[in-house]
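Worth knowing before you read on, the calculation uses all heavy atoms, side chains too, and leaves out hydrogens, waters and symmetry mates.
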Amino acid sequence: MKKISILMAVYNEVQNIEECLLRVKEVQIPNFEKQIIISDNFSNDGTRETLLKLQEKENDPNIIFLFRDKNDGKGANIINALNHSSGEIAIIQDSDLVYDPIEYQSLITPILKGKAEAVYGTRFARAKEFHVYSFIHLLANRFITFLTNILYNKSFSDVLTAFKVVKLDILKSLQLNSKSFDIDTEITSKLCKIENLRIYEVPISIYSRTYKDGKKIHWWHLFILIFSLLKHRF
């Protein structure tokens, strides 16, 4: 049976991680088994202890728990999970319940049909449920997406989506090294540089949260993302 590797980067999500893991486990993907790789980025809110209990409870070789000894950022955490993956397709899954695992089937469909090597779950198609959120965050996302489209002659609607699905051999070949939120722009930049690689977008639902709820990206990350795009382009 083919395997899908689900890469879950976790940092201070004690309120959500158990429910997120449950949802990922419950999702059925016909003809695929799921390899779930959870990488904790040195959480200090009780997430680490919760994961250790889940590790003992699950005792499943297809659920891998990783614990980093320092917090280097989202990118370092995703790369850590990626290094332990072994499926045919990789799905990046945030652990904050903003992105619903129920979307997996629609996300992988273009790859299964042989039409794509990578699929982005776009939050802005408005074809599904959409949590109306900060206009400032919308502008920042639009700007980064617009800049990406100019630099790479593409027509993305949402390059900062955390729901990215890529054939695993291709994702590993990118040799990712970004430690922070610029992992998103690094992945996109390097995928766009691969000749004839096909990227699709699929509408997804979004259940955004506020900083009070635990949102972690901040305004200054905008400059990190811009620098990342320019660095990888030139």
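Glu18 and Thr50 share no donor-acceptor pair across their side chains, judged by distance under 3.5 Å alone. With no hydrogens or angles considered, no side-chain donor-acceptor pair links Tyr11 and Thr47 at under 3.5 Å. In the model, Asn80 has a side-chain atom that pairs as donor or acceptor with a side-chain atom of Ser39 under 3.5 Å. Remark: the Thr185 side chain and the Ser228 side chain contain an N/O donor-acceptor pair separated by less than 3.5 Å.
Residues Ser85 and Lys172 are in side-chain contact: their nearest non-hydrogen atoms beyond the backbone lie under 4.5 Å apart. Side chains of Asn141 and Phe124 form a contact here, defined as non-hydrogen atoms less than 4.5 Å apart. With a 4.5 Å cut-off on side-chain heavy atoms, Ile91 and Ile108 count as touching. Inter-residue side-chain proximity for Leu225 and Leu160 is flagged as met; some heavy-atom pair is nearer than 4.5 Å. Contact annotation: the side chain of Ile111 approaches that of Lys167 to within less than 4.5 Å [non-hydrogen atoms, C-beta and beyond]. Looking at heavy atoms from C-beta onward, Asp184 lies in side-chain contact with Lys164 at the 4.5 angstrom threshold. Two residues are said to be in side-chain contact when any heavy atoms from C-beta on lie closer than 4.5 Å; Gln55 and Leu51 fail this criterion. You'll find the side chain of Leu82 reaches within 4.5 Å of the side chain of Leu168, heavy atoms only.
Nearest heavy atom pair, residue Ile17 against residue Ser95, reads CD1-CB, 4.0 Å. The heavy-atom pair separating Gln28 from Lys25 by the smallest distance is NE2-O, 4.1 Å. Closest of all the heavy-atom pairs between Met8 and Val24 is SD-CG2, 4.2 Å. Of all non-hydrogen atoms in Leu107 and Gly121, the two that sit nearest each other are CD2-CA, 3.7 Å. Here the shortest heavy-atom pairing between Lys34 and Ile6 reads CD-CD1, 3.7 Å. The shortest heavy-atom contact between Phe156 and Cys192 is CE1-SG, 3.8 Å.
Using modelled atom types, no side-chain atom of Tyr104 and backbone atom of Val27 make a donor-acceptor pair closer than 3.5 Å. Under the 3.5 Å distance criterion, the side-chain polar atoms of Asp94 are left unmatched by any main-chain donor or acceptor of Asp96. Side chain of Asn149 to backbone of Thr145: a donor-acceptor contact under 3.5 angstrom is found. No donor-acceptor pair under 3.5 Å is formed between the side chain of Asp60 and the backbone N or O of Glu58. Judged by distance alone, the side chain of Thr161 and the main-chain N or O of Phe163 form a donor-acceptor pair under 3.5 Å. The backbone N or O of Tyr120 lies less than 3.5 Å from no partner atom in the side chain of Glu201, so there is not a single donor-acceptor pair. Counting only distance, with no hydrogens or angles, the side chain of Lys3 and the backbone of Asn62 share no donor-acceptor pair below 3.5 Å. Between the Asn41 side chain and the Arg68 main chain, no donor and acceptor come within less than 3.5 Å of each other. Between the side chain of Arg123 and the backbone N or O of Ile206 there is no donor-acceptor pair closer than 3.5 Å. No side-chain donor-acceptor contact under 3.5 Å links Lys179 to the backbone of Asn71.
Clustering ILVMFWY residues whenever any of their side-chain heavy atoms sit less than 4.5 angstrom apart, transitively, puts Ile37 in the very cluster that holds Ile170. Note on Val159 and Ile194: same hydrophobic cluster, where clusters join Ile, Leu, Val, Met, Phe, Trp and Tyr whose side-chain heavy atoms are under 4.5 Å apart, directly or indirectly. Connection of Leu52 to Val14 is not established within any shared hydrophobic cluster, with ILVMFWY side chains joined at heavy-atom distances below 4.5 Å, either directly or through further cluster members. Under the 4.5 Å side-chain contact rule for hydrophobic residues, Phe42 and Phe65 do not share a cluster. Under a hydrophobic-cluster definition in which Ile, Leu, Val, Met, Phe, Trp and Tyr are linked whenever side-chain heavy atoms come within less than 4.5 Å, directly or via other members, Leu22 and Ile29 are assigned to different clusters.
Heavy-atom neighbours of Lys2 NZ from other residues, nucleotides or ligands within 6.0 Å: at or below the threshold of 12. Under a cut-off of 6.0 angstrom, the local environment of NZ in Lys193 is crowded, with over 12 non-hydrogen atoms contributed by other residues, nucleotides or ligands. Around atom CZ of Phe32, more than 12 heavy atoms belonging to other residues, nucleotides or ligands sit under 6.0 Å away. Heavy atoms of other residues, nucleotides or ligands lying less than 6.0 angstrom from CG of Asn44 number more than 12. The local environment of CD1 in Ile102 is sparse, with at most 12 non-hydrogen atoms from other residues, nucleotides or ligands closer than 6.0 Å.
Checking each of Val166, Val165, Ile187 against Ile92 for a side-chain contact (heavy atoms from CB on, under 4.5 Å) leaves exactly one that passes, namely Ile187.
For the atom pair Thr188 OG1 and Ile199 CD1, the distance stands at 7.0 Å (nearest 0.5 Å). Atoms CD and CD1, from Gln93 and Ile36 in turn, are 9.5 Å apart once rounded to the nearest 0.5 Å. Atom CG of Leu174 and atom CG of Leu191 lie 5.0 Å apart (nearest 0.5 Å). In this structure, Cys20 SG and Tyr99 OH are separated by 12.5 Å, a value rounded to the nearest 0.5 Å. If you take NE2 on His84 and OG on Ser5, they are separated by 12.0 Å, rounding to the nearest 0.5 Å. With values rounded to the nearest 0.5 angstrom, Glu186 atom CD is found 4.5 Å from Asn177 atom CG.
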(request) Before giving the answer on salt bridge (charged side-chain N to carboxylate O under 4.0 Å, His left out), spell out for Lys53 and Glu49 the whole-Å C-alpha distance, their side-chain angles and the decisive distance to 0.1 Å. (result) CA-CA 6 Å; Lys53 292 178 182 178; Glu49 291 73 19; over 6 Å; no
(message) Quick one, Asp100 with Ile204, criterion side chain to side chain contact (heavy atoms under 4.5 Å, CB included). Give me CA distance, side-chain angles, the key distance, then yes/no.
(response) CA-CA 8 Å; Asp100 196 332; Ile204 59 169; over 6 Å; no
